[in-house]
Number of protein chains: 2
Amino acid sequence: MVRAEQNSDDDERALSRLRELVRKKELKNSQVRERIARCALGYEGHFTVEDLARVLRAGGLRNAHPATVYRSIPLLMEAGLIQPAPAGPGETQRYERAFGRDHHDHLVCTRCGQLVEFHSPTLELLQEEIAKNYGFCLESHLHELRGTCSSCSRADGASAG
Amino acid sequence: MVRAEQNSDDDERALSRLRELVRKKELKNSQVRERIARCALGYEGHFTVEDLARVLRAGGLRNAHPATVYRSIPLLMEAGLIQPAPAGPGETQRYERAFGRDHHDHLVCTRCGQLVEFHSPTLELLQEEIAKNYGFCLESHLHELRGTCSSCSRADGASAG
DNA sequence: ATGCCTGCAAAAGATTTGCATTTCA
DNA sequence: TGAAATGCAAATCTTTTGCAGGCAT
């Protein structure tokens with residue numbers, strides 16, 4: 001389900017942050033970029049650049065060109081609206097909303113693609129500690145657990161086991 | 001430093017495993033594929049397909065073609081000789097030796113690229129536990145911590161702070 | 001001999017860039 | 001008005017695929 005270009009208080013706060021960054025960088029506040037931002041904020045789940053462009057075209061923005069979306073991605077990331085989602089070999093880069101959400105990592109079913117978001121404070125602390133042990137100051141991390149979800153395990157067990 | 005096409009007992013065991021898989025699949029045991037495997041096994045750190053092809057060409061295999069390397073990657077993975085390394089957005093896919101090494105995750109310096117391999121049993125257990133909580137049977141994971149290493153932090157602190 | 005393997009070139013897919021035009025401040 | 005933003009097409013880059021000839025069984 002794609003929330004598309006719906007609004008919410010959080011979205012407005014996110015857009016303010018984008019506008020702020022735009023001002024700070026002495027860029028211009030374009031309509032198209034705002035539409036892209038709204039669309040990204042409203043997208044449920046992970047999206048590719050093409051996904052965004054497609055939804056925007058469907059939603060009335062006739063010529064939402066992928067190149068334009070590509071060009072706005074770095075800014076949206078810098079403003080903290082979106083973040084890259086972990087991608088395996090050969091997979092197209094996907095992004096997800098970052099603003100207004102608690103930090104989380106992913107659990108993906110390798111059979112059906114089911115995506116679960118989890119958050120473990122213990123895990124976060126442990127990571128910080130590991131980084132510290134090596135003298136690193138942690139900035140970010142890429143973390144995705146891959147396996148089979150319960151339904152797929154069951155299906156598999158029924159046919160193969 | 002690239003160990004290139006050096007040998008070791010472990011490498012021989014790895015190659016046996018590759019030959020075994022080749023036999024099982026009723027493929028043929030080609031010279032070129034073995035060279036590629038040796039080169040991958042001997043490569044220190046992470047490598048792209050191009051990296052392998054380049055080293056092979058330099059090492060005497062005149063026409064080690066990237067396409068050929070690409071074609072052998074899945075087999076090397078299936079045989080457990082190599083595994084994909086986590087890649088961020090826009091980064092070319094890299095691989096690393098998997099055979100004969102303990103499992104480990106990565107700590108990368110975002111300034112200088114320094115790569116540290118770490119292993120934390122606690123972390124592994126925690127991941128298993130998280131997966132179990134969601135009914136998942138864990139198969140693999142992608143885990144990379146990103147930050148600034150001590151030297152870069154120091155350099156940064158000196159100039160900017 | 002048969003069929004996999006290889007090199008090469010062309011294709012495909014994702015992302016970037018150059019350029020003319022439009023939009024914003 | 002001048003700089004930034006946009007759409008479009010072309011260029012890049014990485015990875016895949018089709019084909020003709022080479023190599024292993």
Side-chain angles (χ1 to χ4, degrees), chain A residues 15 18-40 46-54 56-79 82 84-95, chain B residues 15 18-40 46-54 56-79 82 84-95:
Chain A
L15 289 172
L18 175 60
R19 294 191 195 107
E20 206 175 309
L21 180 63
V22 163
R23 205 178 321 126
K24 189 162 60 187
K25 293 194 163 231
E26 302 190 291
L27 302 178
K28 295 183 179 179
N29 196 358
S30 92
Q31 291 303 307
V32 176
R33 196 199 279 129
E34 288 235 343
R35 294 288 291 274
I36 293 171
R38 274 182 204 284
C39 187
H46 297 175
F47 54 85
T48 63
V49 165
E50 276 297 343
D51 288 335
L52 276 198
R54 193 175 321 115
L56 283 164
R57 278 193 300 268
L61 221 185
R62 295 301 156 128
N63 296 317
H65 205 276
T68 305
V69 179
Y70 274 111
R71 277 190 271 233
S72 54
I73 290 285
L75 203 63
L76 299 193
M77 291 217 283
E78 194 177 344
I82 63 172
E91 291 170 8
T92 301
Q93 185 58 50
R94 284 164 197 281
Y95 301 86
Chain B
L15 289 172
L18 175 60
R19 295 194 194 104
E20 206 175 307
L21 181 62
V22 163
R23 203 178 322 126
K24 189 161 60 185
K25 293 196 163 227
E26 302 190 291
L27 302 179
K28 295 183 179 178
N29 197 358
S30 93
Q31 293 302 306
V32 176
R33 197 197 280 130
E34 289 235 341
R35 293 289 290 276
I36 294 171
R38 274 181 206 284
C39 186
H46 295 175
F47 53 85
T48 63
V49 165
E50 277 296 342
D51 289 335
L52 276 197
R54 194 175 320 116
L56 283 164
R57 278 192 300 267
L61 221 186
R62 298 300 156 130
N63 298 316
H65 205 278
T68 305
V69 179
Y70 275 111
R71 278 190 269 234
S72 54
I73 290 286
L75 204 63
L76 299 194
M77 291 217 284
E78 192 176 344
I82 63 173
E91 290 170 8
T92 302
Q93 185 60 49
R94 284 164 196 282
Y95 300 87

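Residue numbers begin at 1 in each chain, while the letters A, B, ... track the order of the sequences.
The distance between atom CZ of Arg57(B) and atom C1' of dC8(C), rounded to the nearest whole Å, is 13 Å. A straight line from CZ of Arg33(B) to C1' of dT25(D) spans 14 Å, rounded to a whole angstrom. Note: CZ (Arg94(B)) to C1' (dT14(D)) measures 13 Å, nearest angstrom. Taking atom CG on Asp51(B) and atom P on dC13(D), their separation rounds to 15 Å, with Å as the unit. One interatomic measurement links the two molecules: CE of Met77(B) to P of dT15(D), which rounds to 11 Å at whole-angstrom precision.
Glu20(B) is linked by a salt bridge (charged side-chain N to carboxylate O under 4.0 Å, His left out) to nothing, counting only residues two or more places apart in sequence or in another chain. With sequence neighbours excluded, the residues forming a salt bridge (charged side-chain N to carboxylate O under 4.0 Å, His left out) with Arg19(A) are Glu34(A), listed by chain and number. With sequence neighbours excluded, no residue satisfies ring pair (Phe, Tyr, Trp, His ring centres under 6.0 Å) with Tyr95(B). Among residues two or more places apart in sequence or in another chain, the salt bridge (charged side-chain N to carboxylate O under 4.0 Å, His left out) test is passed with Arg54(B) by Asp51(B).
Nearest heavy-atom pair across Gly90(A) and Gln93(B) is N-OE1, 4.4 Å. The nearest pair of heavy atoms linking Arg33(B) to Ser30(B) is N-OG, 3.0 Å.
A residue-by-residue look at Leu27(A) and Leu75(B) shows that Leu75(B) has its nearest nucleotide of DNA chain C further toward the 5' end. Comparing Glu34(A) and Glu91(B) against DNA chain D, the residue whose closest nucleotide sits nearer the 5' end is Glu34(A).
Direction change of the helix axis from one end of the helix from dA1(C)-dT25(D) to dA25(C)-dT1(D) to the other is 30°, with five pairs defining each end axis (rounded to 10°).
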Nucleic acid footprint by protein, nucleotides 15-23 of chain C - heavy-atom cut-off 4.0 Å, B for base, S for sugar-phosphate alone: BBBB-----
Intermediate values then yes/no, side-chain contact (heavy atoms from CB on, under 4.5 Å), Leu56(A) and Val32(A): CA-CA 10 Å; Leu56(A) 283 164; Val32(A) 176; over 6 Å; no
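A heavy-atom distance below 4.5 Å is found between the side chains of Leu75(A) and Lys25(A).
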